[in-house]
Amino acid sequence: MEPMVEIKALSAHAGAAVTLQGWLYGKRSGGKVAFLLVRDGTGLCQCVVEAEAADAFARANELAQESSLQVTGTVRKDERAPGGYELLVTAVRPIQIAKDYPITRKAHGVDFLMNHRHLWFRTPRQTAILRVRHRLIRSMRAFFDDRGFTLVDTPILSPGAAEGAGTLFPVDFFDEQVYLAQTGQLYLEAAAMALGKVYCFGPTFRAEKSKTRRHLAEFWMIEPEIAFAELPDLAELAEAFITHLVGDILTHCRAELETLERDMAPLERIAPPFPRLTYSEAVDLLHSGEVHERLLSELERDRACLKQWQADLGRAEEERAAAKKGWRQDKLDRQILELRENIRELDVDLRNRPGHIENARHFAWGNDLGGDEETILSRHFDKPVIITEYPKDVKAFYMKPKPDDPRVVLNLDVIAPEGYGEIIGGSQREDDFDALIARMEQEQMDRAPYEWYLDLRRYGSVPHGGFGLGVERTVAWICGLRHIRETIPFPRMMGRMTP
RNA sequence: UCCGGCGUAGCUCAAUGGUAGAGCGGGUGACUGUUAAUCACUAGGUUGUAGGUUCGAGCCCUACCGCCGGAGCCA
């Protein structure tokens with residue numbers, strides 16, 4: 001038999017007879033010629049079956065969308081073929097004939113697609129996202145591996161613990177109530193005292209009842225932890241880390257980003273130094289006339305934009321009504337759907353916006369920065385923003401207060417550009433035994449389960465810290481996705497457990 | 001938990017309170033270098049559920065269920 005070839009390698013076999021195996025992505029057929037669009041996970045290839053190849057032609061006509069098959073033929077360069085190469089078919093071998101494949105090559109709604117997630121990710125857009133995710137994870141691990149970090153796996157089952165117990169998933173562990181981990185951090189601190197620089201990478205679980213485009217109940221997080229590191233070291237590491245990730249995706253996943261129609265210009269700008277401001281400076285910025293003016297002018301601009309879109313929609317609908325059947329109508333349908341969705345979204349946004357602007361202007365020092373504030377701050381810059389030194393009261397017990405201003409802690413958040421929200425959260429940890437237990441008492445925490453953790457402060461405590469980066473939010477940002485649910489093969493979120 | 005929006009054919013959507021429709025997909029046939037092909041024919045419905053108002057409800061009212069995304073919380 002002819003050599004089995006992957007579609008991505010077709011160009012190296014021009015003129016040769018080869019066999020492809022894969023699935024039928026689409027088909028156009030007629031009396032004298034059939035075009036099979038075959039995908040194999042590495043690419044798409046148009047396979048031309050002419051009626052003279054009678055057996056192949058007959059079999060080609062039996063195939064429906066997503067049937068599995070092998071096709072043999074001669075590779076040839078052709079301008080008209082997507083990808084530039086096509087296969088002139090001599091034999092078609094169906095493996096299994098699919099019937100009534102539910103996802104057609106037309107528009108579908110989110111709920112329908114989510115219910116068919118197991119099939120949905122066969123489409124070019126979804127496979128592009130999954131490839132970016134893969135490359136991103138590989139880049140993340142390479143970044144730490146190349147800098148002398150050791151991967152340490154932390155447990156997924158963890159004893160209750162006090163911190164935000166309300167947001168954990170309870171699990172029955174031999175009649176004992178334990179929880180799914182929401183971070184590996186405490187264990188990682190122990191590992192850092194053994195190995196110096198460590199990281200963990202794994203799933204993490206949050207039972208927050210959040211149904212937004214930024215939330216998953218189960219997501220993946222990579223967390224470095226470093227002995228002898230202070231807040232500025234962490235900020236520098238986070239900056240280098242993100243720069244590395246974006247650069248790596250831009251070099252290795254251009255085709256995928258093009259498939260996703262991601263505007264790459266904002267990504268090309270990602271380079272050190274990132275803007276850094278303290279929480280207090282961020283609050284001042286929110287209060288500033290400069291920001292207020294900008295928000296108001298953006299509001300005006302977006303209102304004009306809404307009107308423009310509504311006009312576009314009206315025009316498209318008129319044109320749709322007048323259009324003849326066929327691809328022209330099809331294209332208009334797509335435009336209309338997209339416009340409607342954008343309009344609905346912007347309309348809601350515009351109605352909420354004046355309130356947000358007022359909230360920002362009167363934001364009180366001491367509150368945690370919410371999604372709106374983050375968005376406002378991130379829109380003020382065109383790179384990720386590092387915000388440090390939040391009020392102690394809104395942060396976790398293990399964060400080290402700033403020596404000369406104990407109202408705040410030595411923490412950092414990194415806010416992604418373009419409104420994608422917080423992608424990194426971390427801190428320098430409290431390394432002093434007495435200060436740590438004082439804080440735990442303040443929070444009325446039960447000390448017993450933490451004795452092992454306190455040992456780290458008893459035996460050779462050193463300044464240290466780390467952060468966690470959310471994989472899915474980072475994928476969503478880099479790919480420019482509207483929703484985080486597309487960034488993970490099988491999303492787990494409130495109200496969604498299948499498939 | 002709160003706020004807002006939406007539930008009509010397998011899918012995406014139409015339908016002044018007055019005979020439930022289109023496109024796609026499925027089926028049958030025709031046609032051919034097609035690009036989410038095209039043309040003709042065809043099958044396909046308890047309008048989310050339960051009440052109510054009305055001569056008459058897909059449309060109005062009430063409750064519930066489901067979905068969407070925003071707040072809170074967070075990566």
Side-chain angles (χ1 to χ4, degrees), chain A residues 25-37 44 46 48-51 64-65 78-83 86 88 99-116 123-124 164 166-167 182-183 204-223 317 320-321 323-327 329-334 336-337 340-341 344-345 347-349 351-352 355-356 359 367-372 374 394 413-416 420-426 467-477 482-485 487 494-496:
Chain A
Y25 181 64
K27 178 177 84 167
R28 290 172 293 278
S29 64
K32 294 216 174 99
V33 63
F35 299 92
L36 305 179
L37 205 50
L44 271 176
Q46 171 166 289
V48 185
V49 192
E50 292 178 340
Q65 199 187 352
D78 194 308
E79 294 287 319
R80 294 166 295 187
E86 63 180 19
L88 182 58
K99 204 168 159 23
D100 298 332
Y101 185 70
I103 302 181
T104 65
R105 300 180 72 187
K106 296 282 174 181
H108 294 283
V110 183
D111 193 44
F112 179 82
L113 290 171
M114 286 301 297
N115 285 332
H116 295 83
T123 57
T167 65
Q182 62 170 345
T183 168
T204 188
F205 306 89
R206 304 281 165 91
E208 291 143 10
K209 292 190 173 173
S210 296
K211 293 183 73 169
T212 81
R213 68 185 68 189
R214 294 185 305 280
H215 284 89
L216 292 169
E218 178 184 298
F219 64 96
W220 289 66
M221 186 159 69
I222 189 158
E223 299 175 82
E317 279 171 339
R320 168 70 173 75
K324 293 281 264 179
K325 276 192 237 172
W327 69 271
Q329 216 176 43
D330 234 34
K331 197 173 170 185
L332 282 166
D333 278 345
R334 241 180 308 162
I336 289 168
L337 283 179
R340 280 197 188 132
E341 190 175 353
R344 203 179 310 141
E345 212 162 86
D347 188 44
V348 171
D349 182 22
R351 263 180 289 161
N352 294 333
H356 294 164
N359 289 346
N367 292 329
D368 203 358
L369 294 173
D372 299 330
E374 282 178 355
V394 299
D413 279 2
V414 180
I415 315 294
Y420 280 91
E422 187 182 342
I423 52 171
I424 280 182
F467 59 78
L469 173 133
V471 171
E472 287 77 13
R473 281 192 186 174
T474 306
V475 174
W477 163 48
R482 202 187 275 272
H483 200 296
I484 200 169
R485 70 188 141 213
T487 63
M494 201 173 61
R496 161 101 29 218

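Order of the sequence lines sets the chain letters (A, B, ...), proteins ahead of strands, with each chain counted from 1.
Put simply, A:Arg28 has a side-chain N or O that comes within less than 4.0 Å of OP1 or OP2 on B:rA37. At B:rG72, none of the side-chain N or O atoms of A:Arg214 fall inside 4.0 Å of OP1 or OP2 (strictly under the cut-off).
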Practice prompt. Dot-bracket notation for RNA chain B is requested: 5' to 3', Watson-Crick or G-U wobble pairs only, both distances under 3.5 Å, with ( ), [ ], | and . as defined.
Written response: (((((((..((((....[..)))).(((((.......))))).....(((((..]....))))))))))))....
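Between the CG atom of A:Asp372 and the C1' atom of B:rC74 there is a distance of 14 Å, rounded to whole Å. Atom-to-atom, CZ of A:Arg473 to P of B:rC73 comes out at 13 Å; the value is rounded to the nearest Å. Regarding A:Ile103, its CD1 atom lies at a distance of 12 Å from the C1' atom of B:rG10, rounded to whole Å. B:rC74 atom C1' lies 16 Å from atom CZ of A:Phe205, rounded to whole Å. Rounded to a whole Å, the CD1 atom of A:Ile484 is 12 Å from the P atom of B:rG70. Here the P atom of nucleotide B:rG72 and the CG atom of A:Asn359 are 9 Å apart, to the nearest Å.
Picking from B:rA75, B:rC74, B:rC73 the nucleotide with the shortest atom distance to the side chain of A:Glu374 gives B:rC74. Of the candidate nucleotides B:rG10, B:rG33, B:rA75, B:rG33 has the atom lying nearest to any side-chain atom of A:Val48. Comparing B:rU34, B:rC74, B:rU1 by their nearest atom to the side chain of A:Arg80 picks out B:rU34.
Both thresholds, 5.5 Å between centres and 30° between ring planes, are not jointly met by A:Phe35 relative to the base of B:rG33, so the two rings are not stacked.
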Polar-atom pairs under 3.5 Å, protein N or O versus N or O of nucleotides 63-69 of chain B: list them with distances, or write none.
unit_1: B:rC67; atom_1: OP1; unit_2: A:Gly495; atom_2: O; d: 3.4
unit_1: B:rC68; atom_1: OP2; unit_2: A:Lys211; atom_2: NZ; d: 3.3
unit_1: B:rG69; atom_1: OP1; unit_2: A:His483; atom_2: NE2; d: 2.9
unit_1: B:rG69; atom_1: OP1; unit_2: A:Arg485; atom_2: NH1; d: 2.9
unit_1: B:rG69; atom_1: OP1; unit_2: A:Arg485; atom_2: NH2; d: 2.9
unit_1: B:rG69; atom_1: O3'; unit_2: A:Arg213; atom_2: NH2; d: 3.2
unit_1: B:rG69; atom_1: O2'; unit_2: A:Lys211; atom_2: O; d: 3.4

Heteroatom pairs (N/O) under 3.5 angstrom, protein to nucleotides 25-31 of chain B:
none

Worksheet item: In the 5'-to-3' direction, what one-character label does each nucleotide of nucleotides 2-7 of chain B receive under the scheme B = base within less than 4.0 Å of a protein heavy atom, S = sugar-phosphate only, - = no such atom?
Response: ------
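The aromatic rings of A:His108 and A:Phe112 lie parallel to each other, their planes meeting at an angle below 30°, with 60° marking the opposite boundary.
Across all strands shown, A:Leu216 has heavy atoms under 4.0 Å from base atoms, whether or not it also approaches the sugar-phosphate.
For the pair A:Arg496/A:Asn115, a side-chain contact is recorded, criterion being any heavy-atom separation below 4.5 Å from C-beta on. Residues A:Asp111 and A:His116 are not in side-chain contact: their nearest non-hydrogen atoms beyond the backbone lie 4.5 Å or more apart.
Listed by chain and residue number, nothing satisfies the salt bridge (Lys or Arg N to Asp or Glu O under 4.0 Å) test with A:Glu422 (two or more places apart in sequence, or in another chain). Under the side-chain hydrogen bond (donor to acceptor under 3.5 Å, both in side chains) criterion, A:Thr123 pairs with no residue at all, not counting sequence neighbours.
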